[in-house]
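Computation of the quantities below employed the complete heavy-atom set of this structure, encompassing side-chain atoms and omitting hydrogens, waters and symmetry-equivalent molecules. Per chain, numbering begins at 1; letters A, B, ... match sequence-line order.
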Number of protein chains: 2
Amino acid sequence: MRPLSHPKIEHITVEGILYALADPVRARIFMELASAESAKNCSTFLGACGGGVSLPKSTLSQHFKVLREAGLVYSERKGVEMHNRTRCAELREKYGALVGGIVAGYAAQWDNLF
Amino acid sequence: MRPLSHPKIEHITVEGILYALADPVRARIFMELASAESAKNCSTFLGACGGGVSLPKSTLSQHFKVLREAGLVYSERKGVEMHNRTRCAELREKYGALVGGIVAGYAAQWDNLF
DNA sequence: TTAATTGTTCTGCATATATGAACTATAGTA
DNA sequence: TACTATAGTTCATATATGCAGAACAATTAA
């Protein structure tokens, strides 16, 4: 299993961020990580991610990979689990309101549905 | 040729916006439309879009279609041409800083490259 | 060693994207 | 009414990408 790759902040791109967050499942994962008190592992999302959709773990793993490679999430192995946290602080410093605006947009959109 | 479809503001989604703008070519087109004084037609972008990349008109047409269906651009036939303008005002009203944040992000990213 | 748990990678299939070719729509001109 | 030119869309298809089951890898515990 090759080591996880996390882009340096200077290699993170706007298109990468938008691509990653254009998928509602990934956006949900990211937002749950962002609002979590501590790092969460993938399996947290196995049961039902957001709208009650349950996904196979291979699909979830791919989604985490996309978030990681876009520079949105930092993942670290802790024993048998993977601990994931967002890179919001770095991103805010580099891109200002970009990520926050997206999260706010989704929050507004989804609040009306539940 | 079936009539162009423009989503009503209430059918525009965050994921649609992000998907459309996750493509640098489309982002470039959108930003050029946004900063244009008047509506521009597709062929304006035929020669070279942004980074000097020249695309076939069928591809450009598809990109415009994506922008239109995402609710980012409004297109209107004027004679043989198509006049395109952004829907920034509506979008700002519905989504606040979402689109502006994205545009600012790309602007910052691209300013460093030219 | 064996088993259990967590997550990744591989693989086949299904969907999506890009582009040349063909087509449609409008305007101008004879 | 042709015929031509221009702007853009749609079609066909080859390529690329995404999803999910199966196999694999890494760690922990018994």
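Here dT5(C) presents its C1' atom at 18 Å from NZ of Lys78(A), a figure rounded to the nearest Å. Note: NZ (Lys65(A)) to C1' (dT6(C)) measures 17 Å, nearest angstrom. The CZ atom of Arg77(B) sits 8 Å away from the P atom of dT9(D) (whole-angstrom rounding). For the pair Glu81(A) CD and dA25(D) C1', the interatomic distance rounds to 17 Å; values are reported in whole Å. As rounded to whole Å, 14 Å separates atom C1' of dG21(D) from atom CG of Leu55(A). dA4(C) atom P lies 14 Å from atom NZ of Lys57(A), rounded to whole Å. Regarding Glu69(B), its CD atom lies at a distance of 11 Å from the P atom of dT9(D), rounded to whole Å. Distance, Asn41(B) CG to dT9(D) C1': 15 Å, rounded to whole Å.
Checking dT27(D), dA7(D), dT17(C) against the side-chain heavy atoms of Tyr19(B) singles out dT17(C) as nearest. When distances are taken from the side chain of Arg68(A) to each of dT8(C), dA18(C), dA26(D), the shortest belongs to dT8(C). When the nucleotides dC19(D), dG8(D), dA20(D) are ranked by their closest atom to the side chain of His63(A), dC19(D) comes out on top. Checking dA7(D), dT19(C), dA22(D) against every side-chain atom of Gln62(B), the shortest atom distance belongs to dT19(C). Residue Ser61(B) places its side chain closer to dG8(D) than to any other of dT26(C), dG8(D), dT9(C). In the set dT8(C), dG7(C), dT27(D), the nucleotide with an atom closest to the side chain of Leu4(A) is dT8(C).
For the pair Val80(A) and Phe64(A), both in contact range of DNA chain C, the more 5′-proximal nearest nucleotide belongs to Val80(A). With DNA chain D read from its 5' end, the first of the two nearest nucleotides for Gly79(A) and Asp23(A) is the one closest to Asp23(A).
Distances shorter than 4.0 Å separate none of the side-chain N or O atoms of Ser58(A) from OP1 or OP2 on dA20(D).
Checked by atom type and distance alone, the side chain of Tyr106(B) never pairs as donor or acceptor with a backbone atom of Met31(B) at under 3.5 Å. Within the 3.5 Å criterion, the main-chain N or O of Lys40(A) finds a donor-acceptor partner in the side chain of Asn84(A). Under the 3.5 Å distance criterion, the side-chain polar atoms of Glu90(B) are left unmatched by any main-chain donor or acceptor of Ile9(B). Arg77(A) contributes a side-chain N or O that, together with a main-chain N or O of Gly79(A), makes up a donor-acceptor pair within less than 3.5 Å.
For Glu93(A), the CD atom counts as loosely surrounded, since its 6.0 Å shell holds 12 or fewer non-hydrogen atoms of other residues, nucleotides or ligands.
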